[in-house]
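Have a look at the structure below, then the notes.
Chain letters run A, B, ... following the sequence lines, proteins first and then strands; every chain starts at 1.
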Number of protein chains: 2
Amino acid sequence: MNTFKLMNKGQRTLVPVDVSTVQERVYQSLRLGLLRGEFLPGEQISIRSLAEVLGTSAMPVREALARLIAERAIEQSGPRTLRVAPYLASDHENYIRIRMQLEGYAAERAASAPKDPALIDSLKRHNDSMAEALAVGDFDAALAGNQAFHFELYRAGGYPQLLDLISTLWLRTGPIVASARKDAKLFDRLFHIGFRIHDDAIEAVERRDRAAARWAINLDIRSAHLAIRRFYKHAADQADNEGS
Amino acid sequence: MNTFKLMNKGQRTLVPVDVSTVQERVYQSLRLGLLRGEFLPGEQISIRSLAEVLGTSAMPVREALARLIAERAIEQSGPRTLRVAPYLASDHENYIRIRMQLEGYAAERAASAPKDPALIDSLKRHNDSMAEALAVGDFDAALAGNQAFHFELYRAGGYPQLLDLISTLWLRTGPIVASARKDAKLFDRLFHIGFRIHDDAIEAVERRDRAAARWAINLDIRSAHLAIRRFYKHAADQADNEGS
DNA sequence: GTATTTGATGTGTGATCACATATCAAAAAT
DNA sequence: ATTTTTGATATGTGATCACACATCAAATAC
């Protein structure tokens, strides 16, 4: 008669409980939105408006935003105002340097890991999908492909904690990068260069060349940074001209 | 006539508003508690109990904990259970490697910055206060001195964002480090070694020797790590013996 | 005596309300 | 016509309540 109980107890130990709270889904939704550029840098955020759009009450949104504030993806610009972190040239440059340290290290670790043909295949696939998306002008898919490539590589480094830190950095700079799509020509060129650098990175991992892997990723980050800086500088100049 | 308006617009940009909400004070309080070792690794956390102790309602505590969860200082171990991140040897080792990348880089930047006698003085003062605290067996003050030394150094690197990342890493590993105080002998030796390494770091900064600064900080982190690993290994062995 | 059931207690989650205050446009006074 | 005042609206913050569920010990049934 206690057969059932034993069964229950036996399978109870580590069943990955899928308790998906409303707050969690709101959080993931906002996170995705930030990475896909659905929020502009500096854009004001309202708890109640978001709650209405997402079809929940204000409570889960409030908590999800609290988490995003803790990750510095959203900031409190005043006593009663939330906004997406705006673009600030010097801040962004700081983030780029930090990202080079962290992501360069992750790439280095990925290249040090035992050779994994499946990884190489997967990286190539992500990079190709990025190029294909670019060919048809689908910037959303290109961004997703780029992100998938990078995180697949970093995941191979084998540090969940490092991956997590890098994620929050991407979350902070996500809206800034994604907004650059407004200049289609620049965005297109940026990703074409990225595609070639990714190829170098894949080759470096294949050769298990740590230094080359780090170098490639750092070049990728830096070149993207330069393009984005140019974009915002251009936007600022244009705003000045209109203002005068 | 628009003088006032222009002034307002000019100074509006970065006024550091001091709206200290209850939530913020709760958050800072919990943060300090974590860093000072008032919570044990793996300890269960209850919103309502904390609210009672802190003399607030559950609401601010809930939000403060949400932020700490986002920073991975507290984790959700089950559907309805919060706890301080427990000690896990491999996880902690990962954090150590990441800290070496980030804090080593920060030290490097501090050593690259223009020479600043006030900084050197301040570093020496923090390091001495750590040694003095140690001499009278005040581990709380020693921990505080150690922390002050490190963050003073990193602050000199000039990257607020980097400092922020390092802070969250310290928050995650804080309870683990602070708990090691239970082995007074080990803790004492750990800090004595730290004192000497800090001296090397100060000297490196004085000479503006980036490589030496990075090396010293990395040695500091690594040696602390080894001591702490030994502490937890010893504690686990003891628990095994008692269990047999 | 032992195994099962039950019930009290404590947990995080989410909804709803009251509140102080920031913002902005309309109205009033100069 | 310009400046000042005012009032409506929207904001985040915090308190309180209802709820579903997990845990554990006491009570019950075997």
Side-chain angles (χ1 to χ4, degrees), chain A residues 1-9 11-30 39 42-70 73-84, chain B residues 1-9 11-13 15-30 42-70 73-84:
Chain A
M1 56 181 154
N2 48 12
T3 323
F4 178 66
K5 194 186 170 187
L6 283 173
M7 260 181 61
N8 237 359
K9 198 170 186 183
Q11 76 183 11
R12 173 167 61 93
T13 38
L14 270 184
V15 186
V17 258
D18 180 58
V19 278
S20 78
T21 61
V22 178
Q23 175 200 144
E24 182 65 25
R25 274 168 284 164
V26 169
Y27 172 73
Q28 292 297 344
S29 181
L30 294 179
F39 297 92
E43 180 179 346
Q44 282 224 14
I45 295 292
S46 147
I47 294 183
R48 284 178 174 89
S49 319
L50 278 180
E52 196 180 3
V53 171
L54 296 171
T56 77
S57 95
M59 206 55 228
V61 176
R62 198 209 296 209
E63 307 237 328
L65 285 178
R67 290 170 66 180
L68 290 170
I69 290 171
I74 285 178
E75 62 176 36
Q76 209 152 357
S77 54
R80 233 165 298 272
T81 35
L82 303 185
R83 66 173 179 187
V84 179
Chain B
M1 52 180 153
N2 49 9
T3 323
F4 178 65
K5 196 182 169 189
L6 283 173
M7 260 181 60
N8 236 359
K9 198 169 185 183
Q11 77 183 14
R12 173 167 60 95
T13 38
V15 187
V17 258
D18 179 58
V19 277
S20 84
T21 61
V22 178
Q23 175 201 141
E24 182 65 24
R25 274 169 283 163
V26 169
Y27 172 74
Q28 292 298 344
S29 181
L30 293 180
E43 181 178 346
Q44 282 224 15
I45 295 291
S46 146
I47 294 183
R48 285 180 174 87
S49 319
L50 279 180
E52 196 179 3
V53 172
L54 296 171
T56 77
S57 94
M59 209 49 233
V61 176
R62 199 209 294 211
E63 309 237 327
L65 285 178
R67 289 170 65 180
L68 290 171
I69 290 171
I74 284 178
E75 63 178 32
Q76 208 152 359
S77 54
R80 234 165 295 273
T81 36
L82 302 184
R83 66 172 180 188
V84 179

Rounded to whole angstrom units, what separation is found between the CD1 atom of A:I69 and the C1' atom of D:dT11? 13 Å
When rounded to the nearest 0.5 Å, the distance separating CD of B:E63 from CD of B:E24 is 11.5 Å
Evaluation steps, side-chain contact (heavy atoms from CB on, under 4.5 Å), between B:L30 and B:L50: CA-CA 9 Å; B:L30 293 180; B:L50 279 180; 4.0 Å; yes
In this structure, how many angstroms lie between the P atom of C:dG12 and the CD atom of B:E75, rounded? 15 Å
Per the atom types in the model, does the base of C:dG12 pair as donor or acceptor with the side chain of B:R48 at under 3.5 Å? yes
Under 6.0 Å from the CD atom of B:Q28, do we count more than 12 heavy atoms belonging to anything else shown? yes
Rounding to a whole Å, what distance do you find between B:L68:CG and C:dG12:C1'? 16 Å
A:E63 CD to D:dG14 P, straight-line distance once rounded to whole Å: 12 Å
Residue pair B:R67 / A:A66: nearest heavy atoms and the distance that separates them: CG-O, 3.8 Å
Could you pick out which residue, A:Q23 or A:T81, lies toward the 5' side of DNA chain C when each is mapped onto its nearest nucleotide? A:Q23
Please pick, from C:dG12, D:dT11, D:dT13, the nucleotide with the shortest atom-to-atom distance to any side-chain atom of A:Q76. D:dT13
Neighbours of DNA chain D within residues 51-61 of chain B, by heavy-atom distance under 4.0 Å: B:S57, B:M59, B:P60
If you take all heavy atoms of B:Q76 and B:L82, which pair is closest and at what distance? CG-CD2, 3.8 Å
Need one value for B:I45: base, sugar-phosphate or nothing, where a base atom within 4.0 Å counts as base even if backbone is also close, heavy atoms only. sugar-phosphate
Whole angstrom value for the distance that separates P of D:dC21 from CD1 of B:I47: 18 Å
Looking only at heavy atoms, which two atoms of A:V61 and A:I47 are closest? And how far apart? CG1-O, 3.8 Å
Calculate the interatomic distance between B:L82 atom CG and C:dT13 atom C1'; express it in whole Å. 11 Å
Compare every heavy atom of A:A51 with every heavy atom of A:S57, then report the nearest pair and how far apart it is. O-CB, 3.4 Å
Interatomic distance, B:R62 CZ vs C:dT13 P [rounded to whole Å]: 7 Å
Over how many whole Å does the gap from B:I74 atom CD1 to C:dT11 atom P extend? 14 Å
